[in-house]
Amino acid sequence: TQWSSAGVQFSQADDLADTGDDSYELDLYYTHSTTRFRRVRFGVTYGDSDLDDDFLRFYVQFTLFMGSHSHGLNW
C-alpha cells in the first residue's frame, strides 16, 4: 500500500580461502511509514554459516528524515 510494504532479501558469500565454506542470510521485513518522513521496520533474519552456528535475529528499525534536504537518521 502507500504506507506499508514488505520484502525479502537473500545474501550469500563464498569463503575466500576456497575451503568450500559459505554463508547466507535470509531477511524478511515489514515497513510501515507513520508519516512522509518517518518509518518503522520490523524484521527477522535467519543466517547459516559453516564457520559459525546458525542464528536468528529479530530487529526494529526507526528511520527519520529531517531538514530541507531530508537527511536521514537511523536507529
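- Residues V44 and V60 do not share a hydrophobic cluster, defined by chaining ILVMFWY side chains whose heavy atoms lie under 4.5 Å apart.
- Its side chain within the 4.5 Å cluster rule, Y59 clusters with Y29 among the Ile, Leu, Val, Met, Phe, Trp and Tyr residues.
- In this structure, the side chain to side chain contact (heavy atoms under 4.5 Å, CB included) partners of Q9, at least two apart in sequence or on a different chain, are D27.
- Y46 is linked by a side chain to side chain contact (heavy atoms under 4.5 Å, CB included) to Y24, D48, D54, L56, counting only residues two or more places apart in sequence or in another chain.
- Closest non-hydrogen pair, Y30 versus S4, comes out as OH-OG, 3.0 Å.
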Under 3.5 Å, side-chain donor or acceptor atoms of residues 36-43 against the rest of the protein: list the pairs with distances, not counting sequence neighbours.
{"residue": "R41", "atom": "NE", "partner": "T31", "partner atom": "OG1", "Å": "2.7"}
{"residue": "R41", "atom": "NH2", "partner": "T31", "partner atom": "OG1", "Å": "3.2"}

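- For T35, there are no side-chain hydrogen bond (donor to acceptor under 3.5 Å, both in side chains) partners, not counting sequence neighbours.
- Residues satisfying the ring pair (Phe, Tyr, Trp, His ring centres under 6.0 Å) criterion with F58, sequence neighbours excluded, are absent altogether.
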